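Note that the coordinates shown come from a computational prediction; the quantities given were computed from them, not determined experimentally. Residue numbers begin at 1 in each chain, while the letters A, B, ... track the order of the sequences.
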Protein chains: 2
Amino acid sequence: MKISLDQFDKAFENRIRLQIMSVLVANESYDFNSLKELLNLTDGNLASHLKALEKEEYIQVEKTFIGRKPNTRYLASEKGRSAFRLHLLALENLIKQQKL
Amino acid sequence: MKISLDQFDKAFENRIRLQIMSVLVANESYDFNSLKELLNLTDGNLASHLKALEKEEYIQVEKTFIGRKPNTRYLASEKGRSAFRLHLLALENLIKQQKL
DNA sequence: AAAAGTACTTTGTTGTTCAAAGTTAAATAT
DNA sequence: ATATTTAACTTTGAACAACAAAGTACTTTT
């Protein structure tokens, strides 16, 4: 019996990064504060998880202004999307195995 | 939009524990050395992850002899099985969200 | 001028993961 | 009889990850 978690991605092992990526793949962009509220995180903690995903080039950052307020938006990159897709496939396979 | 990872279980956040649990739920029991080979782990590392699952009462241990050699077998408990089921459901929901 | 908002960074503590080495006890080989 | 091996750990120590809280820089609102 083979346990196929080959495509399992360390960057998504953490629950919070899994959630962030899930949001960013489902919504073409999401800003810092909305993410912070949605996931109920301190800003420092959110920033560091975002940075980890940025380091992997799984997300991109866009700094703009809404009215006169700074607004930082995050987007899943193509690289991030496909890495995430593979990761979910790995999880899906694991789930499927359980159902046989 | 709600991100439903409510049933996400910290005990299964780690890749190795996820694999162990996956094996133990699919096979009614598995012994230490087979698990060690299957997952390619040092014995110390495997032992500590097994201990973590034992502490949660997600697995049970049975010490027997095969011939004259000691043989330690691990089994998923009912508690472990249902916790794992809920965890996989949480992941499944996450995956489903992506596909909408 | 003071307070508040945005988006961080820094600091320091705590937690997690791991390999490697050590342990115990029995079994087998020399 | 002694040495080596196997099984199944435990202990140690180091590296890394996660987190809250506090600090920062800059701007805007009051």
Side-chain angles (χ1 to χ4, degrees), chain A residues 3 5 8-24 27 29-76 83 87, chain B residues 3 5 8-24 27 29-76 83 87:
Chain A
I3 307 284
L5 278 183
F8 191 91
D9 194 325
K10 269 224 130 202
F12 305 131
E13 186 160 9
N14 176 274
R15 190 189 102 259
I16 293 170
R17 287 194 299 272
L18 190 66
Q19 288 180 306
I20 291 173
M21 206 59 193
S22 182
V23 172
L24 295 188
N27 303 270
S29 87
Y30 225 82
D31 67 53
F32 189 86
N33 274 326
S34 306
L35 219 39
K36 188 180 136 187
E37 270 177 41
L38 182 69
L39 303 179
N40 221 321
L41 300 172
T42 58
D43 48 4
N45 194 13
L46 174 57
S48 72
H49 282 300
L50 286 168
K51 193 150 219 193
L53 291 170
E54 224 188 312
K55 196 180 154 201
E56 298 295 323
E57 298 177 303
Y58 286 174
I59 63 174
Q60 278 150 15
V61 189
E62 278 186 13
K63 281 159 194 286
T64 56
F65 284 82
I66 288 184
R68 291 171 157 169
K69 289 185 182 174
N71 182 262
T72 308
R73 297 185 310 136
Y74 298 89
L75 304 85
H87 184 77
Chain B
I3 308 282
L5 277 185
F8 191 91
D9 194 325
K10 269 223 131 202
F12 304 132
E13 186 160 7
N14 176 274
R15 190 190 102 257
I16 293 171
R17 289 193 299 272
L18 189 66
Q19 287 180 307
I20 292 173
M21 205 59 193
S22 183
V23 171
L24 295 189
N27 302 271
S29 87
Y30 225 83
D31 67 55
F32 189 87
N33 273 324
S34 307
L35 220 38
K36 187 180 135 185
E37 270 177 41
L38 182 68
L39 303 179
N40 222 321
L41 300 172
T42 57
D43 49 4
N45 194 13
L46 174 57
S48 71
H49 283 299
L50 286 168
K51 194 150 217 194
L53 291 170
E54 225 188 312
K55 196 179 154 201
E56 298 294 324
E57 298 178 303
Y58 286 173
I59 63 173
Q60 278 149 16
V61 190
E62 277 187 13
K63 281 160 194 285
T64 57
F65 283 83
I66 287 183
R68 290 169 156 171
K69 289 186 183 174
N71 182 262
T72 308
R73 296 185 310 135
Y74 297 90
L75 304 85
H87 184 77

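- When the side-chain nitrogen and oxygen atoms of A/R68 are compared with OP1 and OP2 of C/dT6, none of them lie within a distance under 4.0 Å.
- Listed candidates were C/dA7, D/dA8, C/dA27. Nearest to the side chain of A/K63 is C/dA7.
- Counting non-hydrogen atoms under 4.0 angstrom, B/R73 reaches nothing in the nucleic acid.
- Each of A/K69 and A/E13 was assigned the nucleotide of DNA chain C with the nearest heavy atom; the assignment lying further toward the 5' end belongs to A/K69.
- Evaluated for a side-chain contact (heavy atoms from CB on, under 4.5 Å) with A/L35, the options A/L50, A/L41, A/D43 yield exactly one hit, A/L50.
- Side chains of A/N45 and A/T42: no donor on one and acceptor on the other come within 3.5 Å.
- Distance from the side chain of B/F32 is smallest for D/dC9 among the nucleotides C/dC18, D/dC9, D/dA18.
- Within a heavy-atom distance below 4.0 Å of DNA chain D, the residues of residues 45-53 of chain A found are A/N45, A/H49.
- In this structure, A/R17 CZ and A/L39 CG are separated by 13.0 Å, a value rounded to the nearest 0.5 Å.
- Among D/dA20, D/dC19, C/dC8, the nucleotide with an atom closest to any side-chain atom of A/T72 is C/dC8.
- No engagement by A/R15 is indicated, since no non-hydrogen atom pair under 4.0 Å with the nucleic acid exists.
- If you take CG on B/N40 and CD1 on B/I16, they are separated by 10.0 Å, rounding to the nearest 0.5 Å.
- Distance A/K10 NZ to C/dT17 P: 8 Å, rounded to the nearest Å.
- Taking the side chain of A/N33 as heavy atoms from C-beta on, and the options C/dT6, D/dA7, D/dC19, the nearest nucleotide is C/dT6.
- The closest side-chain heavy-atom distance from B/L18 to B/H87 is below 4.5 Å.
- Side chain of B/Y74, nearest nucleotide from C/dT6, C/dT17, D/dC9: D/dC9.
- For A/T42 and D/dC19, the shortest distance from a side-chain N or O to OP1 or OP2 is not below 4.0 Å.
- Neither OP1 nor OP2 of C/dT6 sits under 4.0 Å from any side-chain N or O of A/N71.
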